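Here the structure is a predicted model, which means the values were calculated and not measured. The figures that follow rest on heavy atoms only: side chains count, while hydrogens, waters and symmetry mates do not.
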Amino acid sequence: MLGMIKNSLLSTVETWPHRVLRRGEKEQLSYEERECEGGQFAAVEVEGKPFDEASKEGVLKLLKYVGGSNDKGVGMGMTAPVSITAFPAEDGSLQQKVKVYLRIPNQFQASPPCPSDESIKIEERQALTIYSTQFGGYAKEVDYVNYAAKLKAALGSEATYRKDFYFCNGYDPPMKPYGRRNEVWFVKE
């Protein structure tokens with residue numbers, strides 16, 4: 001636990017490498033099209049709980065892993081964003097199932113430490129192109145659903161993207177009260 005707290009408070013945060021392909025704005029919503037690098041990610045699935053509760057549980061598990069709860073006992077440093085896969089229901093609400101991802105820091109990409117928690121898996125993810133919109137505050141399910149709807153409206157029919165899931169992303173530790181960054185990502189098809 002101490003490693004997790006030290007890691008989130010004192011370490012530098014490495015951002016998921018990406019490049020912006022284009023920027024747009026429609027209906028007072030700014031968005032970007034980005035190409036994000038692939039790589040090794042720690043991932044954990046949580047089912048049967050509301051989105052906010054499941055997300056918190058998954059994030060805490062991953063923070064413990066990068067904080068030193070692994071076979072090498074090493075604090076790896078933090079990466080951003082923490083990316084939560086949300087699965088929308090027919091009515092736009094989110095199903096009681098999430099998959100939380102955290103990119104393994106560059107220094108450990110070639111050989112990530114094995115998680116002590118068996119529910120955490122190390123996965124190779126391919127590069128992806130996404131449509132993203134950003135907002136502030138302490139994000140909850142209702143915020144992500146709201147901004148997903150706004151991004152869908154802004155993109156209209158000109159963009160093709162996956163409709164069966166989207167990513168809810170947080171960039172900041174919980175103890176940062178101001179200037180928080182959250183994003184919704186749609187994966188381009």
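Put simply, Y65 and W16 are part of two different groups of oily side chains (I, L, V, M, F, W, Y) that touch within less than 4.5 Å, one to the next. No path of Ile, Leu, Val, Met, Phe, Trp and Tyr side chains, each step under 4.5 Å between heavy atoms, connects L21 with L155, placing them in separate hydrophobic clusters. Cluster annotation: L63 and Y138 are assigned to distinct hydrophobic clusters (Ile/Leu/Val/Met/Phe/Trp/Tyr, side-chain heavy-atom contacts under 4.5 Å, transitive). Cluster membership check: F41 does not share its hydrophobic cluster with V82, using side-chain heavy-atom separations under 4.5 Å among Ile, Leu, Val, Met, Phe, Trp and Tyr. Under the 4.5 Å side-chain heavy-atom criterion for ILVMFWY residues, a single connected hydrophobic cluster contains both F108 and V44.
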Report the C-alpha distance between E189 and R162 in whole Å, list the side-chain angles of each, state the deciding distance to 0.1 Å, and finish with yes or no for side chain to side chain contact (heavy atoms under 4.5 Å, CB included).
CA-CA 6 Å; E189 288 188 310; R162 298 284 303 262; 3.6 Å; yes

I'd like to know whether R22 forms a salt bridge (Lys or Arg N to Asp or Glu O under 4.0 Å) with E32, so could you lay out the CA-CA distance, the side-chain angles of the two residues, the decisive distance to 0.1 Å, and finally the verdict. CA-CA 6 Å; R22 71 181 183 94; E32 293 181 340; over 6 Å; no

(request) Start with the C-alpha distance between F135 and Y147, add both sets of side-chain angles, then the distance that settles ring-ring contact (aromatic ring centres under 6.0 Å, His included), and finish with yes or no. (result) CA-CA 8 Å; F135 62 98; Y147 277 89; 4.2 Å; yes

Take F165 and W185 through the ring-ring contact (aromatic ring centres under 6.0 Å, His included) test and state the conclusion after the steps.
-> CA-CA 9 Å; F165 71 90; W185 292 359; over 10 Å; no

- When you look at S119 and K61, which way does the side-chain hydrogen bond (donor to acceptor under 3.5 Å, both in side chains) test go after all the steps? CA-CA 9 Å; S119 68; K61 285 182 176 199; 3.1 Å; yes

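Exactly one residue among L128, I130, T129 makes a side chain to side chain contact (heavy atoms under 4.5 Å, CB included) with R34. That residue is I130. No option in R19, R103, Q109, H18 other than R103 meets the side chain to side chain contact (heavy atoms under 4.5 Å, CB included) test with E37.
By the 6.0 Å and 45° rule, K188 does not stack over the aromatic ring of F186.
Between F51 and Y144, some side-chain heavy-atom pair lies under the 4.5 Å cut-off. Contact check for T133 versus K150: no side-chain heavy atoms found under the 4.5 Å cut-off. The shortest side-chain heavy-atom distance between V46 and V100 does not fall under the 4.5 Å cut-off. By the 4.5 Å heavy-atom criterion applied to side chains, I122 and P115 are counted as neighbours. Under the 4.5 Å side-chain criterion, counting only non-hydrogen atoms from C-beta, V142 is not in contact with N146. Counting heavy atoms from C-beta on, the side chains of V184 and N169 never come closer than 4.5 Å. In this structure, the side chains of E25 and Y31 stay at 4.5 Å or more apart for every pair of heavy atoms. Side-chain contact check for I104 versus T79: every heavy-atom pair is 4.5 Å or farther apart.
Put simply, CD on E141 and CG on L94 are 4.5 Å apart, with the number rounded to the nearest 0.5 Å. Rounded to the nearest 0.5 angstrom, N70 CG and I120 CD1 are separated by 9.5 Å. Put simply, CD on Q95 and CD on E90 are 9.0 Å apart, with the number rounded to the nearest 0.5 Å. Distance check: K72 NZ to S116 OG gives 12.0 Å after rounding to the nearest 0.5 Å. Expressed to the nearest 0.5 Å, how far CD of Q134 lies from CG of L151 amounts to 12.5 Å.
Between K97 and E45, none of the side-chain N atoms (NZ, or NE/NH1/NH2) sits under 4.0 Å from a carboxylate O, so this pair counts as no salt bridge.
Taking the six-membered ring where tryptophan is involved, the planes of Y101 and F167 are perpendicular, since the angle between them exceeds 60° and thus also 30°.
Taking a 6.0 Å sphere around CD of E118, one finds it holds 12 or fewer heavy atoms contributed by other residues, nucleotides or ligands. Few gaps surround NZ on K26; more than 12 heavy atoms of other groups in view lie less than 6.0 Å from it. Residue Q28 places its CD atom among 12 or fewer non-hydrogen atoms of other residues, nucleotides or ligands, all under 6.0 Å distant.
Closest heavy-atom contact between A154 and L29: CB-CD2, 3.8 Å. The minimum heavy-atom distance linking P81 with L102 is given by the pair O-CD1, 4.1 Å. Minimum heavy-atom separation, N106 to E14: N-OE2, 2.7 Å. Closest heavy-atom contact between A43 and L62: N-CD2, 4.2 Å. When all heavy atoms are compared, the tightest approach of P105 to G77 is CG-O, 3.6 Å.
Using modelled atom types, one finds a donor on one side chain and an acceptor on the other under 3.5 Å when comparing E183 with Y171. A donor atom on one side chain and an acceptor atom on the other are not found under 3.5 Å apart for Q40 and E123.
In this structure, the side chain of R180 engages the main chain of P173 through a donor-acceptor pair within 3.5 Å. The backbone N or O of G137 sits nowhere less than 3.5 Å from a side-chain atom of Y178 that would complete a donor-acceptor pair. Here the side chain of D71 pairs a donor or acceptor atom with the backbone of C114 at under 3.5 angstrom.
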